[in-house]
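One-based numbering along the sequence shown.
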Amino acid sequence: MRQAGAYSNLVSGGKSGPHSLPLARIKKIMKKSGTGDDVKMISGEAPILFSKACELFIEELTKRAWLMTLQGKRRTMQKEDVASAVMDTDIFDFLLNLVVSAKDQSSLP
């Protein structure tokens with residue numbers, strides 16, 4: 001028999017309180033994954049793992065963008081810092097189209 005909340009304790013460091021990201025929203029995104037065959041059933045633990053993965057992703061991208069901010073001798077992170085972090089880091093290559101199109105749009109009058 002499976003133990004309830006096993007994954008929740010694993011990813012939240014033993015605490016089972018509210019998650020940083022709304023699990024209902026994550027589940028909604030998962031169901032509309034764009035695969036053609038919409039996901040019908042999702043276990044309770046899957047959104048919790050996605051939530052933790054999203055937190056780690058945001059933390060990593062923020063750290064790298066902050067380095068860009070400091071290189072620019074500023075104290076306020078800007079979208080250009082995030083774009084630079086994406087362009088300078090191979091693991092974020094899947095975001096290149098997003099930051100390039102955002103850069104193109106910002107240069108329009």
Side-chain angles (χ1 to χ4, degrees):
M1 184 184 303
R2 161 180 89 135
Q3 195 176 31
Y7 285 109
S8 179
N9 289 336
L10 174 72
V11 297
S12 65
K15 59 184 179 182
S16 59
H19 301 278
S20 296
L21 300 172
L23 297 180
R25 179 70 179 131
I26 291 171
K27 196 169 185 177
K28 187 175 185 179
I29 293 168
M30 290 171 71
K31 285 188 174 184
K32 295 188 179 216
S33 61
T35 61
D37 296 326
D38 288 343
V39 177
K40 304 281 189 253
M41 301 289 289
I42 299 171
S43 73
E45 292 92 0
I48 294 169
L49 290 173
F50 271 90
S51 174
K52 186 60 178 179
C54 289
E55 288 177 32
L56 294 172
F57 169 76
I58 293 167
E59 286 175 14
E60 184 64 27
L61 184 54
T62 301
K63 286 176 190 174
R64 292 173 188 260
W66 183 246
L67 291 175
M68 298 297 168
T69 304
L70 294 177
Q71 285 179 0
K73 296 181 175 42
R74 290 177 279 104
R75 299 286 300 158
T76 304
M77 186 184 304
Q78 300 173 352
K79 66 180 181 178
E80 291 80 12
D81 299 320
V82 178
S84 294
V86 167
M87 290 187 278
D88 289 354
T89 309
D90 291 342
I91 60 171
F92 297 136
D93 279 353
F94 68 99
L95 295 172
L96 283 174
N97 291 339
L98 178 69
V99 298
V100 170
S101 67
K103 191 174 181 180
D104 291 343
Q105 289 177 358
S106 67
S107 64
L108 294 176

- prompt: Looking at residues at least two apart in the chain, or sitting in another chain, which of them share a ring-ring contact (aromatic ring centres under 6.0 Å, His included) with Phe50?
  reply: none

task: Can you tell me which residue pairs pass the salt bridge (Lys or Arg N to Asp or Glu O under 4.0 Å) test with a partner in residues 56-69, sequence neighbours excluded?
output: Glu60-Arg64

query: How long is the gap from OG on Ser43 to NZ on Lys27, to the nearest 0.5 Å?
result: 8.0 Å

Residue pairs, two or more places apart or on separate chains, that pass ring-ring contact (aromatic ring centres under 6.0 Å, His included) and touch residues 66-99: Phe57-Phe92

Heavy-atom closest pair, residues Thr89 and Ala85: OG1-O, 2.8 Å

task: Measure across Leu23 and Pro47 and return the closest heavy-atom pair with its distance rounded to 0.1 Å.
output: CD2-O, 3.6 Å

- line: For Met68 and Arg74, the nearest pair of non-hydrogen atoms, with its separation, is O-NH2, 4.0 Å

statement: For Ile58, the side-chain contact (heavy atoms from CB on, under 4.5 Å) test, sequence neighbours excluded, returns Thr62

- prompt: With sequence neighbours excluded, what pairs up with Thr69 under the side chain to side chain donor-acceptor pair (under 3.5 Å) test?
  reply: Asp81

task: Determine which pairs satisfy salt bridge (Lys or Arg N to Asp or Glu O under 4.0 Å) with at least one residue from residues 86-100, sequence neighbours left out, and list them in order.
output: none

- prompt: Is it true that Met30 and Ile48 fall in one hydrophobic cluster, defined by side-chain heavy atoms closer than 4.5 Å?
  reply: yes

query: To the nearest 0.5 Å, what is the distance between CD (Gln78) and OG (Ser84)?
result: 10.0 Å

field: Hydrophobic cluster identity match, Leu95 and Leu67, side-chain contacts under 4.5 Å
entry: no

